[in-house]
2 protein chains.
Amino acid sequence: MSRPAPLSPPTPKPADKLTIQDVATYAGVSKATVSRYLNRGGEQLSADVEARVAKAVRELGYSPSPMAQALKRGKSRLIGLVVADVSNSFSVAVLRGVEKACRDAGYMVMLFNLANDEQLEREAIRALSAYRVEGFILHTLGHDAGALADAAQLGKPVVLVDRKVGDAEVDLIALDNRSAVQSAAGHLSEAGYRHLLFISEPLKAISSRNERASAFQGFIAEHADSLSGAVFEARAGDDAALDEALRALRRRAGDAPAAVLAANAVISLRIAAATARLGWQLGTDLGLIGFDDPEWAALVGPGITAISQPTDDIGRVATHCLIERLQGAQLPPRQVLLPGTLVRRGSTRRA
Amino acid sequence: MSRPAPLSPPTPKPADKLTIQDVATYAGVSKATVSRYLNRGGEQLSADVEARVAKAVRELGYSPSPMAQALKRGKSRLIGLVVADVSNSFSVAVLRGVEKACRDAGYMVMLFNLANDEQLEREAIRALSAYRVEGFILHTLGHDAGALADAAQLGKPVVLVDRKVGDAEVDLIALDNRSAVQSAAGHLSEAGYRHLLFISEPLKAISSRNERASAFQGFIAEHADSLSGAVFEARAGDDAALDEALRALRRRAGDAPAAVLAANAVISLRIAAATARLGWQLGTDLGLIGFDDPEWAALVGPGITAISQPTDDIGRVATHCLIERLQGAQLPPRQVLLPGTLVRRGSTRRA
DNA sequence: TTGTATGCGTTATCAC
DNA sequence: GTGATAACGCATACAA
């Protein structure tokens, strides 16, 4: 038998463990030069040196350690994203927009899911702070102004998404709820529905739900001559109460057409289920339009008319707002309200 | 007027900017002592010193900088999570489990969403590597074995979730597809359905879809005396083809009951929509059972019977597997197959 | 234009 | 037991 083969040549360091020193040595220059090339893009470098460094970086596959950079610069290039509930399609959609925008801007996202647990909100801020995120995008449960105060006290910018918390003076990116409600209720009115019911999950401290409810009531007040309307809070699991609310709506309407405006996708779905239970046809027996436009909206019954939220934009704008602040912009708190889009489907066709 | 008030006392450093040195000074000890207290929990410390340090840490609200720790220890305590599509309810559910488990184990999650873009898979590995994640949990698109190779070459452990990629020899945590298919098909058979159709999105290179399809065919082959079955790949958007496949199924069945096994929730929904179009009643005219059990499954039609996946467990187990490897365990590649749960609903009741 | 030296906040190896 | 001190990988002020 032949002798064992000689040890394979010293495996090159994985790209991961390469330091700026390795690159410097390889290129025959000093660490500082490599650093300059990396940061200033070879601005103050001789063509020759620049080429050599570029080659070294390329061939070695070097990428600088964000840890070391963070330590040195005092900036982590990390953004903390706190989300009310990743199981909620709206949360996820925003998450998607945020993650993409952060990546494009050279930031990374650290995610913390509250799973609708109000206790966790402060914990989230603390945990992410410990990791030295530079700022927060917060889809809050609205209950804990303390968490927000914590962040503010740390001097870290916060951008709220979809929901305010307390009367905090921070940036907010959200749907233009008032306009959206008007366009939704207007659509129902144009379609001939005369008796409307706004149905939401319990309003609690969640600002978006409250805004939608009061915008609805405002709309009804303005059109009291032609429309009637009421608000109903549907408790999770209590289908009997929901069914009864719907029956009451149609009793009130008599022969006139009645319709429901659902405050979010969860409610839309429950109403679709309720109409099936009651043997009603969506559109003809009961109009339905709902906030949010999940993938199943087009496929349930005759299709559910929806107010589609520009979730990608919300995420993107929130990210940009935050990054602006990270770069030191000293602006007053902003509110960016984005328009929703009405998607007409069978559930609001009486034909 | 009195003179302006004296400057407020120098605001204490935000908890964020405190260093171990601040704590040491406050407690009247050296950095080394504080570090020892933090890491060994005051094992080799005099009671007196331990108490003072503990007090200092508590009162200042100090928490060490993960960056500095990462730099020094060569470990980032970061885990990279690559997800096929955050819009997919299965992906999200796994994400939830992973995030929770990581947090509990003192790791943080860096998220990368592929948005079903096969091009992005390598990019994801690279980006997360640059951030020095210690390992990956990968919900792959199955297309790019190269991405996996990249990770392996970096010497970073990878745990796959739900889907294999190529024939890579790495840990895999997934549903026990074979058993799940057997229990699903068995359930249909017991309920009296005789002619079955397995419907999936295009199988492509996605291992879970292929496994389910072939397990289905295996089951049919074993029960050829009492059952007939076929596989149909439904292209996105082509409802006509889907409708025709369903009609063909019932033609083939004649008077005998026919049922569909849907490979995931997207397909379940499309079939529910199709039956509505065709004017069929789920359960009586056509049986339906689907993989995945999203929140709307109970509310569509008479309720859709489902194979619920233990998504939280999948995420949790994947995380534990990964962490084991991070701690140096040198085990052969493992496959952990978790059982699904049959949730009986109206869509498989012929009564 | 390029190199040398310092320090970011930690942990770990020494001494004492 | 405890305290100096040297790295970890990088960016930068200063020297050359």
Side-chain angles (χ1 to χ4, degrees), chain A residues 13-54 56-57 60-78 106 129-134, chain B residues 13-54 56-57 60-78 106 129-134:
Chain A
K13 286 192 191 182
D16 218 322
K17 305 239 167 289
L18 283 172
T19 80
I20 200 172
Q21 179 63 67
D22 296 315
V23 179
T25 307
Y26 190 91
V29 297
S30 75
K31 295 194 301 181
T33 300
V34 178
S35 178
R36 276 190 281 260
Y37 168 79
L38 260 19
N39 295 302
R40 296 194 224 317
E43 200 156 302
Q44 333 185 346
L45 298 185
S46 69
D48 170 48
V49 169
E50 177 178 351
R52 272 171 25 225
V53 175
V57 169
L60 263 29
Y62 168 78
S63 100
S65 154
M67 311 300 166
Q69 289 180 313
L71 195 56
K72 182 65 194 161
R73 300 186 178 148
K75 274 147 182 342
S76 64
R77 295 201 76 83
L78 254 29
S129 294
Y131 267 84
R132 304 304 194 262
V133 299
E134 295 182 37
Chain B
K13 287 192 192 182
D16 219 326
K17 306 239 167 289
L18 282 172
T19 78
I20 200 172
Q21 180 63 67
D22 296 316
V23 179
T25 308
Y26 191 90
V29 297
S30 75
K31 294 193 304 180
T33 300
V34 178
S35 178
R36 276 189 281 258
Y37 167 78
L38 261 19
N39 295 301
R40 293 191 232 315
E43 202 156 300
Q44 334 184 348
L45 297 186
S46 70
D48 170 48
V49 167
E50 177 179 350
R52 269 162 39 216
V53 175
V57 169
L60 263 29
Y62 167 79
S63 100
S65 153
M67 312 299 167
Q69 289 181 314
L71 191 57
K72 184 60 193 172
R73 300 204 252 237
K75 270 140 183 350
S76 64
R77 294 200 77 81
L78 254 29
S129 295
Y131 267 84
R132 304 304 195 260
V133 299
E134 295 183 37

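Throughout, protein chains are lettered first and strands after them, A, B, ... in sequence-line order, and every chain is numbered starting at 1.
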Any N/O donor-acceptor pair, [X] side-chain to [N] base, under 3.5 Å:
{"X": "Lys72(A)", "N": "dG7(C)", "value": "yes"}
{"X": "Lys31(A)", "N": "dT4(C)", "value": "no"}
{"X": "Arg132(A)", "N": "dG9(C)", "value": "no"}

For [N], does either OP1 or OP2 sit under 4.0 Å from a side-chain N or O belonging to [X]?
{"X": "Ser35(B)", "N": "dT11(C)", "result": "yes"}
{"X": "Tyr37(A)", "N": "dA11(D)", "result": "no"}
{"X": "Ser46(B)", "N": "dT2(D)", "result": "yes"}
{"X": "Thr33(A)", "N": "dT2(C)", "result": "no"}

Atom-pair distance ([atom1] on [X]; [atom2] on [N]), nearest Å:
{"X": "Glu43(A)", "N": "dT12(D)", "atom1": "CD", "atom2": "C1'", "result": "16 Å"}
{"X": "Gln21(A)", "N": "dA7(D)", "atom1": "CD", "atom2": "P", "result": "14 Å"}
{"X": "Asp16(B)", "N": "dG9(C)", "atom1": "CG", "atom2": "P", "result": "11 Å"}
{"X": "Arg36(B)", "N": "dC14(C)", "atom1": "CZ", "atom2": "P", "result": "14 Å"}
{"X": "Lys17(A)", "N": "dA7(D)", "atom1": "NZ", "atom2": "P", "result": "19 Å"}
{"X": "Leu18(B)", "N": "dC8(C)", "atom1": "CG", "atom2": "P", "result": "15 Å"}
{"X": "Gln44(A)", "N": "dA13(D)", "atom1": "CD", "atom2": "P", "result": "11 Å"}

Using the side-chain contact (heavy atoms from CB on, under 4.5 Å) definition, which of the options Thr33(B), Val34(B), Thr25(B) pairs with Ile20(B)? Val34(B)

Quick one: CG on Leu60(A) to CG on Leu18(A), what's the gap to the nearest 0.5 Å?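 Answer for the CG-CG pair, Leu60(A) versus Leu18(A), is 5.0 Å.
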
Just compare [options] and give me whichever is closest to any side-chain atom of [X].
{"X": "Asn39(B)", "options": "dG9(D), dT10(C), dT11(C)", "value": "dT11(C)"}
{"X": "Ala68(A)", "options": "dG3(D), dG9(D), dT10(C)", "value": "dG9(D)"}
{"X": "Gln69(A)", "options": "dC10(D), dT13(C), dT11(C)", "value": "dC10(D)"}
{"X": "Ile20(A)", "options": "dA11(D), dG9(C), dT4(C)", "value": "dA11(D)"}
{"X": "Leu71(B)", "options": "dT12(D), dG9(D), dG1(D)", "value": "dG9(D)"}

Pick the nucleotide of DNA chain D nearest each of Asp48(B) and Arg73(B); which residue has the one closer to the 5' end? Asp48(B)

Taking for each residue the nucleotide of DNA chain D bearing the nearest heavy atom, is the 5' side occupied by Val29(B) or by Arg40(A)?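 The residue closer to the strand's 5' end, by nearest nucleotide, is Val29(B).
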
Please check: side-chain N/O of Arg132(A) versus main-chain N/O of Asp16(B), any donor-acceptor pairing under 3.5 Å?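 Between the backbone of Asp16(B) and the side chain of Arg132(A) there is a qualifying donor-acceptor contact (under 3.5 Å).
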
Check: Arg36(B) side chain, Leu45(B) main-chain N or O, donor-acceptor pair, under 3.5 Å: no

Given the rule in the side chain to side chain contact (heavy atoms under 4.5 Å, CB included) test, do Tyr37(B) and Val49(B) qualify, once you have shown the distances and angles that lead to the verdict? CA-CA 9 Å; Tyr37(B) 167 78; Val49(B) 167; over 6 Å; no

What does Ser30(A) touch in the nucleic acid at a heavy-atom separation under 4.0 angstrom: a base, only the sugar-phosphate, or nothing? base

Under 4.0 Å, heavy atoms only, any strand: does Leu45(A) hit a base, just the sugar-phosphate, or nothing?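 Result for Leu45(A) = sugar-phosphate.
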
Please report the C-alpha distance between Tyr62(B) and Asp22(B) in whole Å, then the side-chain angles of each, then the deciding distance to 0.1 Å, and finally whether the side chain to side chain contact (heavy atoms under 4.5 Å, CB included) criterion is met. CA-CA 9 Å; Tyr62(B) 167 79; Asp22(B) 296 316; over 6 Å; no

